[in-house]
Colleague: 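Encoded as structure tokens, here's the structure I'll be asking about.
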Amino acid sequence: MSSHADPEQPVPEEVPRFGPPYDWQAIDAAVKEWGAAVVGGLAGRDLCARVNGEIDRWLARDRDSRRPRTGTPVYDTFLGFRTVRLQRLVTRIPVVRELVTHEEILAWAHRMLTPVCRRILLSTAEMIQIGPQETAQFVHRDSDAWWPELLRQEHAVSVTAMVGLTPFTAENGGTRIALGSHRWPAGRRPKVGTLRQAIMDQGDVLLFRADVFHGGGRNGTPDQYRRGCAVSYCAGWLRPQETGTLVAPPDVAAGLPPEIAELLGYAVHDSTSVGGGIVGMLDNGDPRGTFPPERLGRRR
Ligand SMILES: O=C(O)CCC(=O)C(=O)O
Ligand SMILES: [Fe+2]
């Protein structure tokens, strides 16, 4: 633990911010120290506009796939009643694959996670659109989705790239972060007034560790929608938040680019080289054994 674990240590006034040309060493160091950083222009407006176009078309057609329906009231509240969330993006919104395999985002996720694994998985790719008059989401650690406190250690087991598909402002619900909170002792909670908001333009990306306290902000506007795409990765031995092998069942996955299929779970996690074992198998072998041979090579 560095000196910043000291509760009295002042946190930066803003989420650390970087612009092009990207100094990835400095960005990695900021995420290590503070748990989060904004990388201006990383996804770019062009790609975000294309993602928005496909999402708009989907939402216009589909009125059912977007509301919280976990069956657990506290979790539905967490997901938000004025917030539209859309999952299964890799198959529903194909252009999102360009975010999921974005060279610099994916390389960052690898650098963050490979100290604790040999392969990474997509944990979820989710569109989160915070609507007018939504209340602030309660501040949480994404890693608590698996089991509170169990997964906190020096290296994160999951990280997220929150892509700004619209601007993120103080008024429309920009993500709030408790900088440095991934290094806090168990039981410490953020104090009122200490959260810092990620202010972003369309195309900027907020990178953060799953073990830093954060939450969607309050949208106090009468008419603005704050739309982001949360692309989360996790260690390849950890159960992803979204079930990738159902997002793309074998007959669909067989036609996907191999890198995407692997990120969805169609590859074993082999830690035998470090004295571990193998998980993610089928019939004690490669899960791609489920791919129908006639579909192999037909890319969608
Ligand atoms: O929408 C946001 O800004 C954050 C959402 C979030 O943290 C979550 O749903 O886990
Ligand atoms: Fe979260």
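Start at 1 and go down the list; that is how both ligands and their atoms are numbered.
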Colleague: Looking at Val212, Leu113, Ile120, which hits side-chain contact (heavy atoms from CB on, under 4.5 Å) with Val159?
Modeller: Leu113
Colleague: Verify side chain to side chain donor-acceptor pair (under 3.5 Å) between Glu134 and Thr83, making sure each step is shown before the conclusion.
Modeller: CA-CA 7 Å; Glu134 178 64 284; Thr83 296; 2.7 Å; yes
Colleague: May I ask you to identify the nearest protein heavy atom to atom 4 (C) of ligand 1, giving residue, atom name and distance to one decimal place in Å?
Modeller: Gly216 N, 3.6 Å
Colleague: Minimum heavy-atom separation for Ser271 and Arg118, please, with both atom names.
Modeller: CA-CG, 4.3 Å
Colleague: Which atoms of ligand 1 sit under 4.0 Å from any heavy atom of Thr175?
Modeller: 2 (C), 3 (O)
Colleague: With backbone taken as N, CA, C and O and side chain as the heavy atoms from C-beta onward, which portion of Ile128 lies under 4.0 Å from ligand 1: side chain, backbone, both, or neither?
Modeller: side chain
Colleague: Which is the closest N/O/S atom of Asp142 when seen from the Fe ion (ligand 2)?
Modeller: OD1
Colleague: At the 4.0 Å heavy-atom cut-off, does Arg176 count as touching ligand 1?
Modeller: no
Colleague: Looking at Glu149 and Arg141, is there a salt bridge between them, counting it only when a charged N and a carboxylate O are closer than 4.0 Å?
Modeller: yes
Colleague: Which is closest to atom 2 (C) of ligand 1 by heavy-atom distance: His214, Gln197, Arg226?
Modeller: Arg226
Colleague: Please report the C-alpha distance between Glu98 and Arg50 in whole Å, then the side-chain angles of each, then the deciding distance to 0.1 Å, and finally whether the salt bridge (Lys or Arg N to Asp or Glu O under 4.0 Å) criterion is met.
Modeller: CA-CA 10 Å; Glu98 293 181 43; Arg50 285 189 290 131; 2.9 Å; yes
Colleague: Tell me, please: is Arg85 in heavy-atom contact with ligand 1, that is, under 4.0 Å?
Modeller: yes
Colleague: Can you say whether the rings of Phe291 and Tyr266 are parallel (under 30°), tilted (30 to 60°) or perpendicular (over 60°)?
Modeller: tilted
Colleague: Which of the numbered atoms in ligand 1 are under 4.0 angstrom from any heavy atom belonging to Met162?
Modeller: 1 (O), 2 (C), 3 (O), 4 (C)
Colleague: Please list the nearest protein heavy atom to atom 10 (O) of ligand 1 with its residue and the distance rounded to 0.1 Å.
Modeller: His140 NE2, 3.1 Å
Colleague: Any atoms of ligand 1 less than 4.0 Å from a non-hydrogen atom of Phe78? List them with their elements.
Modeller: 10 (O)
Colleague: Assess whether atom CZ of Phe78 is packed by more than 12 heavy atoms of other residues, nucleotides or ligands within 6.0 Å.
Modeller: yes
Colleague: Check His140 and report its N/O/S atom nearest to the Fe ion (ligand 2), by atom name.
Modeller: NE2
Colleague: Is the shortest distance from a heavy atom of Phe168 to ligand 1 less than 4.0 Å?
Modeller: no
Colleague: Could you tell me the residue and atom name of the protein heavy atom closest to atom 8 (C) of ligand 1, and the distance to it rounded to 0.1 Å?
Modeller: Gln137 NE2, 3.5 Å
Colleague: Quick one, Trp146 with Gln241, criterion side chain to side chain donor-acceptor pair (under 3.5 Å). Give me CA distance, side-chain angles, the key distance, then yes/no.
Modeller: CA-CA 8 Å; Trp146 284 281; Gln241 283 192 277; over 6 Å; no
Colleague: Hey, is Asp142 touching ligand 1 through its side chain, its backbone, both or neither, going by heavy atoms under 4.0 Å?
Modeller: side chain
Colleague: Would you name the heavy atoms of Ala267 and Glu262 that are closest together and state the gap between them?
Modeller: CB-CG, 3.9 Å
